[in-house]
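Structure first, commentary second.
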Amino acid sequence: GVLENLFYLYQNFILHSNEEIQWAVSIFLKDQTLNDQNIEWLIDNFEKSDHIANRLLRYPTRNQLIVNWAQQVLKSGKLNGRVSEIVGLLIPDDIPSDIKIDNEIMMWAIYYYKGTTAQKGELILKHLSYQNYSSAIEVAGRLGLGEISKEILKHYQGLLTKEDDAG
């Protein structure tokens with residue numbers, strides 16, 4: 001089929017020395033669901049090119065081969081600058097409890113998670129840090145979730161009201 005032909009071209013040109021050619025073929029697979037054999041090729045070659053790593057990190061659906069790969073990459077410390085994207089691949093419906101990351105990385109992992117916007121909103125609220133909420137607001141803004149800001153505001157209005165009552 002067409003996707004197989006595009007993958008063939010991708011395989012043959014993604015490691016080309018010309019950056020423009022790499023970008024051109026990179027677009028072929030954006031948002032495409034691939035077969036296991038193609039995914040395995042991406043996994044075997046992800047260290048050769050950021051474009052290949054991107055296809056795995058931004059894969060459009062949850063895929064067990066990619067989940068297994070992401071677990072290995074997280075353990076090995078490879079792609080260390082992209083932990084939020086890696087963790088995003090590992091979220092089935094909530095942040096796995098064995099993954100210890102700071103709140104900012106967690107918020108961006110929720111952004112990259114393959115769930116619905118509503119599910120992402122629930123996770124942001126569940127893991128919201130009232131001490132460090134700037135990344136939660138930024139992620140919520142990108143997702144169009146205004147209720148996150150309202151929730152933070154309500155929290156602080158509640159604290160102010162308690163202070164007023166105490167005074």
Side-chain angles (χ1 to χ4, degrees), residues 14 19 22-23 26-27 29-34 36 39-164 166:
I14 197 62
E19 187 71 22
Q22 289 178 27
W23 278 105
S26 182
I27 294 165
L29 301 185
K30 190 175 182 326
D31 302 324
Q32 295 298 321
T33 308
L34 303 171
D36 288 355
I39 290 170
E40 284 165 3
W41 185 90
L42 294 174
I43 289 169
D44 291 343
N45 292 281
F46 84 94
E47 290 180 90
K48 296 177 183 173
S49 160
D50 284 343
H51 292 287
I52 298 173
N54 285 341
R55 286 295 55 82
L56 290 163
L57 292 170
R58 303 290 172 85
Y59 197 72
T61 59
R62 188 166 169 82
N63 175 287
Q64 197 55 50
L65 287 171
I66 295 175
V67 169
N68 297 346
W69 168 79
Q71 288 168 331
Q72 294 305 314
V73 170
L74 189 63
K75 277 189 199 118
S76 70
K78 293 174 180 167
L79 301 179
N80 229 353
R82 304 189 72 179
V83 172
S84 55
E85 291 167 89
I86 295 165
V87 173
L89 294 170
L90 298 176
I91 301 174
D93 45 23
D94 197 355
I95 311 279
S97 57
D98 60 330
I99 294 178
K100 303 294 175 227
I101 49 176
D102 75 28
N103 195 265
E104 183 178 359
I105 290 174
M106 184 181 296
M107 288 300 136
W108 285 104
I110 293 167
Y111 176 79
Y112 291 116
Y113 154 58
K114 304 299 174 206
T116 64
T117 302
Q119 289 171 313
K120 292 177 185 190
E122 288 169 23
L123 283 183
I124 290 170
L125 286 173
K126 181 175 179 182
H127 295 283
L128 188 58
S129 161
Y130 289 103
Q131 287 70 47
N132 175 13
Y133 54 78
S134 61
S135 48
I137 289 176
E138 192 178 342
V139 168
R142 286 238 189 131
L143 295 169
L145 295 167
E147 62 269 23
I148 304 297
S149 300
K150 289 185 190 121
E151 199 58 42
I152 293 168
L153 192 61
K154 249 195 288 187
H155 171 81
Y156 280 103
Q157 284 172 332
L159 290 180
L160 291 173
T161 308
K162 284 178 193 147
E163 283 177 23
D164 291 345

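Only a predicted model underlies this, so the values are computations on that prediction, with no experimental measurement involved. If you read the sequence from its start, that first residue is 1, and numbering goes on from there.
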- Task: State whether the side chain of K100 and the backbone N or O of S97 hold a donor-acceptor pair below 3.5 Å, judged by distance alone.
- Result: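 Yes, because the side chain of K100 sits within donor-acceptor range (under 3.5 Å) of the backbone of S97.
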Report, one line per pair, each donor and acceptor closer than 3.5 Å where one atom sits in a side chain of residues 81-95; sequence neighbours left out.
from: R82; atom 1: NE; to: E85; atom 2: OE2; distance (Å): 2.8
from: R82; atom 1: NH1; to: N54; atom 2: OD1; distance (Å): 2.6
from: R82; atom 1: NH2; to: N54; atom 2: OD1; distance (Å): 2.6
from: R82; atom 1: NH2; to: E85; atom 2: OE1; distance (Å): 2.9
from: R82; atom 1: NH2; to: E85; atom 2: OE2; distance (Å): 3.4
from: E85; atom 1: OE1; to: R58; atom 2: NE; distance (Å): 2.8
from: E85; atom 1: OE1; to: R58; atom 2: NH2; distance (Å): 3.0
from: D94; atom 1: OD1; to: H127; atom 2: NE2; distance (Å): 2.7
from: D94; atom 1: OD2; to: K126; atom 2: NZ; distance (Å): 2.3

Which atom pair, heavy atoms only, marks the closest approach of [X] to [Y]?
{"X": "K114", "Y": "P60", "value": "CD-O, 3.9 Å"}
{"X": "Y59", "Y": "I39", "value": "OH-CD1, 3.6 Å"}
{"X": "A136", "Y": "I148", "value": "O-CG2, 4.3 Å"}
{"X": "N45", "Y": "I52", "value": "O-CD1, 3.6 Å"}

Once you round to the nearest 0.5 Å, how far does [atom1] of [X] lie from [atom2] of [Y]?
{"X": "D36", "Y": "I66", "atom1": "CG", "atom2": "CD1", "answer": "9.5 Å"}
{"X": "I152", "Y": "I137", "atom1": "CD1", "atom2": "CD1", "answer": "4.0 Å"}
{"X": "L128", "Y": "L123", "atom1": "CG", "atom2": "CG", "answer": "12.0 Å"}
{"X": "T161", "Y": "Y156", "atom1": "OG1", "atom2": "OH", "answer": "14.0 Å"}
{"X": "I110", "Y": "K120", "atom1": "CD1", "atom2": "NZ", "answer": "10.0 Å"}
{"X": "R55", "Y": "D31", "atom1": "CZ", "atom2": "CG", "answer": "7.5 Å"}

- Message: Around atom CG of D102, are there more than 12 heavy atoms from other residues, nucleotides or ligands closer than 6.0 Å?
- Response: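 Enclosed.
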- Could you go through the side chain to side chain donor-acceptor pair (under 3.5 Å) check for Q64 and N68 one step at a time? CA-CA 6 Å; Q64 197 55 50; N68 297 346; 2.9 Å; yes
- Query: For W69 and L42, what are the C-alpha separation, side-chain angles and deciding distance, and is it a side-chain contact (heavy atoms from CB on, under 4.5 Å)?
  - Reply: CA-CA 10 Å; W69 168 79; L42 294 174; over 6 Å; no
Is there side-chain contact between [X] and [Y], with heavy atoms separated by less than 4.5 Å?
{"X": "S134", "Y": "E104", "answer": "no"}
{"X": "H51", "Y": "E19", "answer": "yes"}
{"X": "L143", "Y": "I124", "answer": "yes"}
{"X": "H155", "Y": "Y133", "answer": "no"}

- Run the side-chain contact (heavy atoms from CB on, under 4.5 Å) check on L159 and Y130 step by step: do they pass? CA-CA 11 Å; L159 290 180; Y130 289 103; over 6 Å; no
- Item | Plane angle bin for Y112 and W108 - parallel if under 30°, tilted between 30 and 60°, otherwise perpendicular |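 Because their plane-to-plane angle lies in the 30° to 60° range, the rings of W108 and Y112 count as tilted.
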- Using a strict cut-off of less than 4.0 Å between a Lys/Arg side-chain nitrogen and an Asp/Glu carboxylate oxygen, indicate whether K154 and E151 qualify as a salt bridge.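 A salt bridge links K154 with E151.
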